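First comes the structure, then the notes that go with it.
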Amino acid sequence: MHSRKLLNLVPTVLAVATALLYMSSDAYSAATRTGPVLRAASVLVANNSTTVSSAIDASFRRGINPDSHNEEVAAHTSDALDAFGSNVRKLSHPDALRDAFQSYFAFESAHPDKVRKPYLYFVDYGLSNTTPRGYLFDMRALKIVDGPFMVAAGRGSVSNSRNVPTRFSNSFGAATTSLGLYVGQELYKFTGHSGGRAYHSVGLRLAGVSGNFNDNARARGVVAHGAPYVTATRAGRSEGCPAMAPARAKELLPKLASGGMVFLFAPDTNWMANDPWLTAG
């Protein structure tokens, strides 16, 4: 009975699909731009009735057209660029902010349960360690909470006299910065060493969600924390952590705990072409 009902829908589905095809030759010209009804209709032509029934069911259960999903991410990204673009002028690449915001909204759209705070900690590692390169954005109110401010890079990432990070890795023991998107997890009491002396600060554990670009972050001990080697005029080198001044860490990191986001950028062509959240749209 279920199959007969579904088969009875076939003429209707085909009629709707045909009408949609003529609504806009531009919007529906490419196969990758078809919605669930058109995808189901194309299956009708090529397959038997059992496959047809399954395809129709799956298409309507899926519900959301991926194109509308991408359009929503693009709209949010555009709004954020309009709000922040004129206030963030020193960047290493014209797409730095766009990449950060697109990644944030693409991840939020895919995993709304994991983004529990509206804050994004952004660092542009294409800038030197004497250039303020960190910001905290409120992505709901579209306001800059703090920034720009100094942020440390991993000592394994910096190998030039300009103190601009150029090497990025997800490898254990590399002491490098790992680019991409992270989810802020729990706060804890951080202990580090600088100049042969121990220091204490607040730390924020990070879960890397940009695939093999940063998914070892938590196991490597890459965290956001305060460090005395980050001052108002320069940032020292960390073991791969996006460290900030201690007083700033105490104020900002709690905002990112348990569901805020972190995005570490650099004009690295391999990463920009392959990070899953940069290519999601």
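None of the values given here were measured: they were computed from a predicted structure.
One N or O on the side chain of Thr77 and one on the backbone of Val73 form a donor-acceptor pair closer than 3.5 Å. A distance-only check finds a donor-acceptor pair linking the side chain of Asn216 to the backbone of Asn170 [under 3.5 Å]. Not a single donor-acceptor pair under 3.5 Å links the side chain of Arg218 to the backbone N or O of Gly208. Using modelled atom types, one side-chain atom of Asn214 and one backbone atom of Leu181 make a donor-acceptor pair closer than 3.5 Å. Remark: the backbone N or O of Arg234 is paired with a side-chain donor or acceptor of Thr231 at under 3.5 angstrom. Side-chain N or O atoms of Asp146 include none that pairs as donor or acceptor with a backbone N or O of Leu136 at under 3.5 Å. Side chain of Lys117 to backbone of Ala257: a donor-acceptor contact under 3.5 angstrom is found.
Applying the side chain to side chain contact (heavy atoms under 4.5 Å, CB included) test between Phe190 and each of Leu253, Val223, Leu204 identifies Val223 as the sole match. Among Asn129, Leu127, Thr131, the one residue that satisfies the side chain to side chain contact (heavy atoms under 4.5 Å, CB included) test with Asn163 is Asn129.
Remark: Thr279 OG1 to Gln102 CD distance equals 8.5 Å, nearest 0.5 Å. Separation of atoms CZ (Arg155) and OG (Ser238) is listed at 9.0 Å; rounding is to 0.5 Å. Note that CZ of Arg116 and OG of Ser258 are 7.0 Å apart. Values are rounded to the nearest 0.5 Å. The distance from the OG1 atom of Thr269 to the CE atom of Met272 is 8.5 Å, given to the nearest 0.5 Å. A distance of 7.0 Å separates CZ in Phe263 from CZ in Phe122, rounded to the nearest 0.5 Å. Note: Phe168 CZ to Thr176 OG1 = 9.0 Å, rounded to the nearest 0.5 Å.
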Please assess Arg140 against Glu108 for the test salt bridge (Lys or Arg N to Asp or Glu O under 4.0 Å), listing each intermediate value before the final yes or no. CA-CA 12 Å; Arg140 185 174 299 156; Glu108 181 187 47; over 6 Å; no
Set out, in order, the CA-CA distance, both residues' side-chain angles and the distance that settles side chain to side chain contact (heavy atoms under 4.5 Å, CB included) for Tyr121 and Leu252, then state yes or no. CA-CA 9 Å; Tyr121 173 25; Leu252 299 186; over 6 Å; no
Would Leu91 and Leu97 satisfy side chain to side chain contact (heavy atoms under 4.5 Å, CB included), going step by step from the backbone distance to the final call? CA-CA 8 Å; Leu91 293 167; Leu97 281 185; 3.9 Å; yes
Applying side chain to side chain contact (heavy atoms under 4.5 Å, CB included), run through Tyr119 and Met139 and close with a yes or a no. CA-CA 6 Å; Tyr119 300 106; Met139 301 303 291; over 6 Å; no
Go through it in stages, so that I can follow the logic: the residues are Arg167 and Thr177, the test is side chain to side chain donor-acceptor pair (under 3.5 Å), and I'd like the CA-CA distance, side-chain angles, deciding distance and then a yes or no. CA-CA 8 Å; Arg167 297 185 303 191; Thr177 293; over 6 Å; no
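Taking hydrophobic clusters as Ile, Leu, Val, Met, Phe, Trp and Tyr residues chained together by side-chain heavy-atom distances below 4.5 Å, Phe213 shares a cluster with Tyr182. Hydrophobic clustering of Ile, Leu, Val, Met, Phe, Trp and Tyr side chains at less than 4.5 Å, counting indirect connections, keeps Leu179 apart from Val222. Hydrophobic clustering keeps Val145 apart from Val230 (ILVMFWY residues linked when any side-chain heavy atoms are closer than 4.5 Å, directly or through intermediates). Linking Ile, Leu, Val, Met, Phe, Trp and Tyr whenever their side-chain heavy atoms come within less than 4.5 Å leaves Met244 and Tyr188 in two separate clusters. At a threshold of 4.5 Å between side-chain heavy atoms, the hydrophobic network of Ile, Leu, Val, Met, Phe, Trp and Tyr places Val262 and Met150 in two separate groups.
Relative orientation of the Trp277 and His111 rings is perpendicular, given thresholds of 30° and 60° on the angle between their planes. The aromatic rings of Phe265 and Trp271 lie perpendicular to each other, with more than 60° between the two planes, well past the 30° mark.
Between Tyr199 and His193, the shortest heavy-atom contact is CE2-N, 3.4 Å. Heavy-atom minimum distance, Gly126 versus Pro267: CA-CD, 3.7 Å. Contact between Ser169 and Ser178 at its shortest, heavy atoms only, is O-OG, 2.5 Å. Between Gly221 and Cys241 the shortest heavy-atom distance is O-SG, 3.8 Å. Nearest heavy-atom pair, Ala227 versus Ala243, reported as atom, atom and distance to 0.1 Å: CB-CB, 4.0 Å. Taking both residues in full, the closest heavy atoms of Leu206 and Pro242 are given as CD1-CG, 4.3 Å, listed atom of the first, atom of the second, then distance.
Between the side chains of His200 and Thr191, a donor-acceptor pair is found at a separation under 3.5 Å. Judged by distance alone, the side chains of Arg133 and Ser128 never bring a donor and an acceptor atom under 3.5 Å apart.
By the 6.0 Å and 45° rule, Arg237 does not stack over the aromatic ring of Tyr229.
In this view, Phe101 and Phe84, Phe137 satisfy the ring pair (Phe, Tyr, Trp, His ring centres under 6.0 Å) rule, not counting sequence neighbours.
For residues 81-103, no residue pair satisfies the salt bridge (Lys or Arg N to Asp or Glu O under 4.0 Å) rule, not counting sequence neighbours.
In this structure, Ser159 and Thr166 have side chains that are in contact, with non-hydrogen atoms separated by less than 4.5 Å. At least one side-chain heavy atom of Val151 sits less than 4.5 Å from a side-chain heavy atom of Tyr125.
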